[in-house]
Amino acid sequence: MAVVTGEFRKIGGPPPGIDEPVAGRIDAHRESRHGEVVATAPTASDGTFRMTLPPGSYTFVGTSPTIVGIICATTASMHPGENAPVRVLCLL
């Protein structure tokens, strides 16, 4: 199995901009964001999350009641064991 850790953040906006953690949920979709949801993990108030899933390619999609109308996602390939941290960003 692949162990995934990461963080969910909102960044951007007008200067000086923001870079803040987001509390919410991360869904791991097989291949694209329209693929099957393989795993779901809540994020802590500091935006961190952890999940275990089969090795493969995923699109990680973040949702939160504090973010409306913005798709927050990133794609990454996971291998067995520990993987590099995943950053799911909401670009404002």
Side-chain angles (χ1 to χ4, degrees):
M1 295 297 284
V3 177
V4 181
T5 58
E7 61 181 337
F8 185 21
R9 302 190 71 80
K10 58 182 173 182
I11 62 172
I18 62 168
D19 183 354
E20 299 176 350
V22 178
R25 185 183 84 212
I26 303 295
D27 294 328
H29 295 253
R30 192 176 309 281
E31 302 291 332
S32 75
R33 74 181 175 94
H34 301 292
E36 170 193 8
V37 175
V38 177
T40 297
T43 64
S45 59
D46 66 355
T48 59
F49 68 91
R50 181 179 176 89
M51 63 176 61
T52 303
L53 28 98
S57 294
Y58 296 92
T59 297
F60 297 91
V61 179
T63 57
S64 172
T66 64
I67 298 173
V68 179
I70 299 173
I71 296 171
C72 310
T74 192
T75 302
S77 293
M78 300 291 115
H79 59 81
E82 293 286 333
N83 285 268
V86 172
R87 292 189 80 203
V88 179
L89 302 177
C90 295
L91 305 177
L92 305 176

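These figures come from a predicted structure and were not determined experimentally.
The CD1 atom of I67 sits 3.5 Å away from the SG atom of C90 when rounded to the nearest 0.5 Å. Rounded to the nearest 0.5 Å, atoms OG1 (T5) and CE (M51) are 10.5 Å apart. Residue T59 holds its OG1 atom at 8.0 Å from NE2 of H29, rounded to the nearest 0.5 Å. With values rounded to the nearest 0.5 angstrom, I70 atom CD1 is found 8.5 Å from L91 atom CG. Separation of atoms CZ (R9) and OG1 (T43) is listed at 11.0 Å; rounding is to 0.5 Å. Taken to the nearest 0.5 Å, the OG1 atom of T48 stands 12.5 Å off from the CZ atom of F8.
When all heavy atoms are compared, the tightest approach of G47 to P21 is N-CB, 3.7 Å. Across every non-hydrogen atom of V61 and A73, the tightest pair is CG2-CB, 4.1 Å. When every heavy atom of M78 is checked against every heavy atom of A2, the shortest pair comes out as CB-CB, 3.7 Å. The two atoms that bring A23 and S45 nearest to each other are CB-CA, 4.1 Å, heavy atoms only. The heavy-atom pair separating F49 from P42 by the smallest distance is CB-O, 3.6 Å. Across all their heavy atoms, V38 and P54 have their closest contact at CG1-CD, 3.8 Å.
Counting heavy atoms from C-beta outward, K10 and I18 have side chains that approach closer than 4.5 Å. Using a 4.5 Å heavy-atom threshold, the side chains of R25 and S64 count as separate. Side chains of V4 and F60 form a contact here, defined as non-hydrogen atoms less than 4.5 Å apart.
Open room surrounds CD1 on I71; 12 or fewer heavy atoms of other groups in view lie less than 6.0 Å from it.
Every side-chain hydrogen bond (donor to acceptor under 3.5 Å, both in side chains) that S77 has, sequence neighbours left out, goes to S57.
Without hydrogens or angle criteria, T40 side chain to D27 main chain gives no donor-acceptor distance under 3.5 Å.
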(message) Set out, in order, the CA-CA distance, both residues' side-chain angles and the distance that settles side-chain contact (heavy atoms from CB on, under 4.5 Å) for R30 and Y58, then state yes or no.
(response) CA-CA 5 Å; R30 192 176 309 281; Y58 296 92; 4.0 Å; yes
